[in-house]
Amino acid sequence: MPSYHALKWRLLLPQRLKVITMKFPKVALLYLLGLSILSTGAQAQTGLAAKASGGFVMPRIVEDGTGQFSSPGGQVVSLGRRLRENASSLSRLLKWLNASIPPNNSVQAATTKPHVYIGLSADGERYRALMRHFGAMIPRGTLGDEAYVLHITPASVELAARKPAGIFYGVLELMSLNSAAAPALDLHAATVVDWPAMRWRGVHVGVGSRADIPLLDDLISKYMPALHLNQLILEVDYHFQYKSHAKMDDPSGLTVADCQRLTSLAADNNVRIIPMIDCLGHQSWAAHTNRLLREYPQFDESPNVPADNSGIYCRSWCPSDPAVYRVVDDLIGELIDAFHATAFNVGMDEVFILGECPRCKGTANDVLFARAVNHLHDYIVKQRHVQMMMWGDRLLDGNKTGYGSWEASTNGTAPAINMIPHDIVMCDWHYQSFYNGKKSDFPSVDYFIKKGFRVWPTGWNEPDAVESLEAVSLQAHSPNMVGYLASTWIGLASVVNGLAGDATALADKGTASVVSAINLGARIAWEGHSALVAAAPSVAPAAQ
């Protein structure tokens, strides 16, 4: 009798067949053939079916082959010339296989050993032919950058892609299919064609000190690759050894060298790091006031609030004081330089305190909020030429959308959406399926798109809500809908230990639900469907 995972594939593949048949009639046969590897319990633990029990993202199209590619180790690997210039996408494979590369990398190198050919479509006819034969299935444009074709026969393994990112995911697939202990290979003959449904598949976490670096290493090199996540919003805030303003230096915070090493590690794992400082609001939490307003109390928007922050949610800085931005711009600039960042997230969610200090009193909240956004945009985008991102809740009307005062605004900031540049990426966070007793269709996704913004829908800890939000996002069919982002809010150790399947971490229901939601969201973002996607709390790390 087929295993649960084999049964899951047998149910999922006909759904995909219906979709692919309409778009690509010539390749529908691949789905039918793919069912054959799941037809019996004996086969369910070989090849692709064995992979299903490991927590990995499932490939889209599978054609079963005949026989096995087997090698005791020491495979000869031929790399395309252009691919060799981007060898970071292959570092896992070469280390894992302990492979040898023939002199001059000639694909005609004389050898009696089984051969592995890996290259970009621009690297030669072997790779062009592989991509041409199966290319009708792979979307053109940005999504195709991460697509790949993996063709396994008893005589050889061939992996081709248009871009190095596709090779990276093909390498992960190849390693996950192997049923032998590395560096030996034992692969069931098959053809796999795969690509993502969403361009940006991300997770947001915070870092508290240098002590978190080993956790970040594991997140970036093990669990993000396993779930095919390619964007990491790293909320640093004031936990960095800043040099531009001595008062803001955190001796236990990240160093420039730390950030550079993390950036290099991320590049090797097809991950972009997007640093973040939570701006304007969230300048305190409970009785603790964050470093900026402790060191520069003159920047406080609510100077009359007691020192223990009683009676408020979070402090804000004054959006009307130019001196604030002379400090904050420098801090942002240091993080951009340290991470060689191409994007920066400025936060700006849940801003409830505005218009209270003498400089701001009498000015409308939408004007004050837009003033802060525009100051930050002038520096990040116009001066540093870096993409700007922010949480989008303050630009939504809480009453019109039905979201209420947390996931949207009821204090007059929403009209600021018409006062700010539209090249900002809006991280549109929503954590529930139902609002006021009604299932939401998340109108903000379409609203931001129609306003001209790129929108990055963001979920949290309810798998049902994540599934609903991603379903709406996938139906948007707009280049301005960029992907899916998982927020965490439980601490980096809980996230990483939960993804690792640590029993102590997962005994906490909050951690277990967040980890399940990350897993589910990542799978939908890659696979492009939601039915029957497993939400198991542990994720098998990508092979090292």
Side-chain angles (χ1 to χ4, degrees), residues 5-20 23-24 27-38 43-65 69 89 92-93 118 130-131 133-139 143-153 157-163 165-179 187-198 201 224-230 270 519-520 522-534 539-540 542-543:
H5 292 287
L7 179 61
K8 182 179 75 172
W9 268 70
R10 293 178 69 177
L11 290 170
L12 287 177
L13 284 169
Q15 295 175 17
R16 295 179 179 179
L17 173 60
K18 181 178 179 181
V19 175
I20 206 73
K23 292 186 176 181
F24 309 110
V27 302
L29 180 61
L30 293 176
Y31 282 92
L32 295 173
L33 291 173
L35 292 174
S36 65
I37 65 170
L38 301 170
Q43 287 177 304
Q45 293 305 314
T46 65
L48 288 164
K51 171 182 190 294
S53 63
F56 290 86
V57 173
M58 296 289 194
R60 288 171 177 263
I61 296 177
V62 180
E63 179 181 2
D64 190 31
F69 177 94
S89 61
R92 285 176 179 273
L93 180 72
I118 304 177
L130 198 61
M131 295 298 292
H133 185 67
F134 296 99
M137 292 174 272
I138 301 173
L143 297 187
D145 289 354
E146 293 179 302
Y148 64 89
V149 174
L150 176 61
H151 185 55
I152 303 167
T153 70
V157 173
E158 297 175 299
L159 172 59
R162 295 184 187 131
K163 300 289 184 179
I167 294 293
F168 175 80
Y169 289 115
V171 164
L172 291 184
E173 184 69 22
L174 171 62
M175 292 191 292
S176 72
L177 293 179
N178 188 40
S179 59
L187 301 163
H188 183 72
T191 300
V192 179
V193 184
D194 202 13
W195 66 90
M198 295 180 172
R201 305 172 304 280
M224 291 186 70
L227 288 173
H228 292 18
L229 298 173
N230 63 1
N270 196 46
N519 193 0
L520 175 68
R523 287 182 169 184
I524 296 173
W526 181 273
E527 297 175 19
H529 68 90
S530 58
L532 297 176
V533 174
V539 177

Looking at every non-hydrogen atom in both residues, tell me the closest pair between [X] and [Y] and how far apart they are.
{"X": "I138", "Y": "A147", "result": "CG2-CB, 3.1 Å"}
{"X": "M58", "Y": "D194", "result": "O-OD2, 4.2 Å"}
{"X": "A160", "Y": "I167", "result": "C-CD1, 4.1 Å"}
{"X": "G528", "Y": "A197", "result": "CA-CB, 3.3 Å"}

Roughly how far, to the nearest 0.5 Å, is the [atom2] atom of [Y] from the [atom1] atom of [X]?
{"X": "R162", "Y": "D145", "atom1": "CZ", "atom2": "CG", "value": "8.5 Å"}
{"X": "F69", "Y": "H151", "atom1": "CZ", "atom2": "NE2", "value": "12.0 Å"}
{"X": "H188", "Y": "D64", "atom1": "NE2", "atom2": "CG", "value": "3.5 Å"}
{"X": "E173", "Y": "H228", "atom1": "CD", "atom2": "NE2", "value": "6.5 Å"}

Looking at side-chain heavy atoms only, is the closest gap between V171 and Y148 below 4.5 Å?
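No, side chains not in contact.
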Taking only residues two or more places apart in sequence, or in another chain, which ones meet N270 in a side chain to side chain donor-acceptor pair (under 3.5 Å)?
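Once residues adjacent in sequence are excluded, the partners of N270 under the side chain to side chain donor-acceptor pair (under 3.5 Å) criterion are E146, Y169.
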If the test is side chain to side chain contact (heavy atoms under 4.5 Å, CB included), which one of L187, L159, L130 qualifies with L150?
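By the side chain to side chain contact (heavy atoms under 4.5 Å, CB included) criterion, L150 pairs with just one of L187, L159, L130: L159.
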For A525, give me all partners under side-chain contact (heavy atoms from CB on, under 4.5 Å), at least two apart in sequence or on another chain.
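A525: side-chain contact (heavy atoms from CB on, under 4.5 Å) contacts with M198, R201, E470, Y484.
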Verify, without hydrogens or angle tests, whether R60 (side chain) and W195 (backbone) share a donor-acceptor contact under 3.5 angstrom.
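Pair found, side chain donor or acceptor close to backbone of W195.
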